[in-house]
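First the structure, in the form of structure tokens, and then the observations on it.
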Amino acid sequence: MTGLVPPPPISSSTSTAPATTNTAKMEEERVDYMNLPCPIPYEEIHREALMSLKPELFEGMRFDFTKGLNQKFSLSHSVFMGPTEIPSQSSETIKIPTAHYEFGANFIDPKLMLFGRILTDGRLNARLKCDLTENLALKANAQLTNEPHMSHGMVNFDYKGKDYRTQFQLGNGALFGANYIQSVTPHLSLGGEVFWAGQHRKSGIGYAARYNTDKMVATGQIASTGMVALSYVQKVSEKVSLASDLMYNYMSRDVTASFGYDYILRQCHLRGKIDSNGCTAAFLEERLNMGLNFILSAEVRINSCFPLSCNNPPPLRNKTSPNLLFYPAQLISEH
Amino acid sequence: MASRVALKGKGKTTKGSKASDDRSTAKCLKEWSTWTLKKAKVIAHYGFIPLVIVIGMNSEPKPQLSQLLSPV
């Protein structure tokens, strides 16, 4: 019976103190479904989990120097020396030592962002982001090489509505994609995507859901390509957050689970993770001085040495020692 | 009867020529779009970084050319 009576207005002076706090709480809890917040873009749905669990691990040594010419325009020079993996037929990965210099130019404006990087072997990495109107944005992204048939390009049109976002993608090789995400409650947003790749004759559909509060974010994604990805990030305090993630492919019956942490401290940002494949990684980014950043990254992979079935002959090489891959420093300097 | 056969034959050839016309316009369009994409790729490859530099050098406040080339 009390549930059917509408609550008295807060400004009424006859209500007692506990009653006013109760009505205030009820006002807060009553959700305004017409004023839901805009959801985050579909491709960033796993953003917090990826930040903790997939740091940009690298191998070798790299020095980056960014020189700003004015507020919006800057040039960057980067030298890299280290092994790079080349694809090989056998299961062993082949790494050859390489070194290259990369020149880049960036132009960052509230309405237009241009980012270009060119390597000594002629590869160009270009990104463009332009706000055509307040709600419609155009993004383009290309990797161009001198070798024929090895270049890729993709154009995205993003439309941001009041409580939804939608995106349409066009890529080379007749790649078409579209996705849509909608805020359903102030904490929950649901979305879906569909893509069609003409050259590879593949198409797929996927769904995603994201539930976030101030303290935690839980996301789930399922796709017709067989991928199921679930992640959970808990913000333990202002500086620390923990993340865990499960990736399951129901076509190939492949499962990977990982667990990681993220410490954001005043001078440094430390991330680490451990995987069910026996892979442990850590990534440290430290600000040594104003404009000088130091990055250290390491990954240890422990190979299992047990044969999978008794009928097969044992493998010729029995790796009992952990395979240690150490990626030393990277220095980034900004002028 | 002969005229009917002749008419039928004529109909077939016109239909056949129309289909081949359609095919050749589609082929023409495809070739033309492939040509433009190839040219666009070359232009983007060589011209993107100079374009960014030109836009940056013309933005306010205008930087000097010496700042572009010197390492400091």
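- B/Tyr46 OH: 12 or fewer foreign heavy atoms inside a 6.0 Å radius.
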A/Leu114 vs B/Phe48, test: side chain to side chain contact (heavy atoms under 4.5 Å, CB included). Steps then yes/no.
CA-CA 9 Å; A/Leu114 294 167; B/Phe48 188 76; 4.1 Å; yes
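- Side chain of B/His45 to backbone of A/Arg123: no donor-acceptor contact under 3.5 angstrom is found.
- Counted within 6.0 Å of CD on A/Gln71, heavy atoms from surrounding residues, nucleotides or ligands total 12 or fewer; the atom is thus considered open.
- At a 4.5 Å heavy-atom cutoff, A/Asn172 makes no contact with chain B through either its backbone or its side chain.
- Checking side-chain atoms of A/Lys67 against main-chain N and O of B/Leu68 turns up no donor-acceptor pair under 3.5 Å.
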Are A/Asn70 and B/Glu60 close enough, and set up right, to give a side chain to side chain contact (heavy atoms under 4.5 Å, CB included), and what steps lead you there?
CA-CA 8 Å; A/Asn70 66 20; B/Glu60 293 304 320; over 6 Å; no
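- A/Glu134 CD: 12 or fewer foreign heavy atoms inside a 6.0 Å radius.
- Of the atoms belonging to A/Ile118, heavy atoms from both backbone and side chain fall under 4.5 Å from chain B.
- If you take OG on B/Ser59 and CD1 on A/Ile108, they are separated by 11.5 Å, rounding to the nearest 0.5 Å.
- Looking at A/Ser74, there are no atoms closer than 4.5 Å to chain B (heavy atoms on both sides), in backbone or side chain.
- Counting heavy atoms from C-beta on, the side chains of B/Ile53 and A/Phe73 come closer than 4.5 Å.
- Within a 6.0 Å sphere centred on OH of A/Tyr207, other residues, nucleotides and ligands contribute 12 heavy atoms or fewer.
- Summarising the geometry, atom CD1 belonging to B/Ile43 is positioned 12.0 Å from atom CG belonging to A/Leu144; distances are rounded to the nearest 0.5 Å.
- The neighbour count for B/Lys41 NZ, taken as heavy atoms of other residues, nucleotides or ligands under 6.0 Å away, is above 12.
- Looking only at side-chain heavy atoms (C-beta outward), A/Leu69 and B/Gln64 stay at 4.5 Å or farther from each other.
- Within the 4.5 Å cutoff, no side-chain heavy atoms of A/Phe115 are placed close to those of B/Val52.
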